[in-house]
Amino acid sequence: MFACIGYATESADQPLGPFSFERRDVGPTDVRIEISYCGVCHSDLHTARNEWKNTVYPCLPGHEIVGKVVEVGGEVTKFKLGDLAGVGCMVESCRTCASCQEGLEQYCENGFVGTYNGVEKQTGKVTFGGYSKEIVVDEAFVLRLPENLDLAAVAPLLCAGITTYSPLRHWKVGPGQKVGIVGLGGLGHMGVKLAHAMGAHVVLFTTSPNKVDDAKKLGADEVVISKDPDQMGAHAGSFDFILDCVAAQHDINEYLGLLKRDATLCQVGAPEDPLAVAVFSLIFKRRNFAGSLIGGIAETQEMLDFCGEHGITSEIEIIPIADIETAYSRMLKSDVKYRFVIDMATLKAAA
Ligand SMILES: [Zn+2]
Ligand SMILES: [Zn+2]
């Protein structure tokens, strides 16, 4: 084991603060990464505050990790010292179930190991995430990063990017299609950029008229103010696919009615309470209502390569780690364009 520092909390009602702990030594297939930046995801906040009622303390969040390789095990083939490397939401899975065999580790039938708040296979201890100086991960769960992109702005691709990329690919979004993205936040702004780069006609739905200009700059061909029934009605029955990125309670039936026959509305935002579905809207046009969870490792690599080719990164605001609680408060008010990223160089100063 070796000494590491990070930012963690001891209980649901305490702020995150400097924390010292140990990481496992590098095994034969492990990669040790010095973390440069870590994105701030809503899941970090939910977990730190035990809002999903499954948090093990101390809790050290962070699963949008980018950095440099500083040590590799003897059997590592994908990475060498000095390479850029990324880690997303998973650090291990069973590797043997049908989903793992198909490269869909996020749907591992035995449960994937989360980058934080999971159980580390090698030690049996709780996993600690990316709000830290270094991390050790088996190379099978480490991603290669494009060299041509701003590294800090790559970090959110590891969760927000793949969460939107995977459903867009699964439902075969491309040229000639009309695709809706609901909500312009951490997820939605990536959905707009990716769907645009895939060649679709992109329509962004927002409740905020002040987001219209931003959405168009990010790649939306049209912006619809979802509170306006006339604007919504003009698009009835016309969409090939809609990706709903809204985590707050909202009426999804307004969006189901905008789908063509056989088209799909996929939810990646996760409202706490059940959503009411008007079943007639599904029946009469054989429409589909679906969900999607992040993406597998191979698909995450494909997404990063795609972003490298198309020059796509997240829109970010860089913060020092000492400001994490302020960032959480602002995130709850959607007061960020569009993702906070922690500059991990500031950790040394804080600890
Ligand atoms: Zn996340
Ligand atoms: Zn599995």
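Numbers for residues simply follow the sequence, beginning at 1. Indexing begins at 1, ligand by ligand and atom by atom, following the structure's order. All values below come from the heavy atoms of this structure, side chains included, with hydrogens, waters and symmetry mates left out.
The set of protein atoms (N, O or S) found at less than 2.8 Å from the Zn ion (ligand 2) reads C94 SG, C97 SG, C100 SG, C108 SG, by chain and number. Less than 2.8 Å away from the Zn ion (ligand 1), the protein contributes these N/O/S atoms: C41 SG, H63 NE2, C159 SG.
Ring to ring, Y116 and Y131 are not that close: their centroids are 6.0 angstrom or more apart. In summary, the aromatic rings of Y165 and F306 are positioned with their centroids under 6.0 Å apart. Ring centroids of F205 and F239 are separated by less than 6.0 Å, placing the two rings close together.
A salt bridge does not link K125 with E120: none of the charged nitrogens is closer than 4.0 Å to a carboxylate oxygen. Checked for salt-bridge contact, R287 and D262 miss the test: no charged N lies under 4.0 Å from a carboxylate O. E64 has a carboxylate O that lies under 4.0 Å from a charged side-chain N of R339, or vice versa, which qualifies the two as a salt bridge. Note on E315 versus K193: salt bridge recorded, some NZ/NE/NH1/NH2 to OD/OE distance being below 4.0 Å.
Counting heavy atoms of neighbouring residues, nucleotides and ligands inside a 6.0 Å radius, atom NE2 of H196 does not exceed 12 of them.
Note on L293 and F289: separate hydrophobic clusters, where clusters join Ile, Leu, Val, Met, Phe, Trp and Tyr whose side-chain heavy atoms are under 4.5 Å apart, directly or indirectly.
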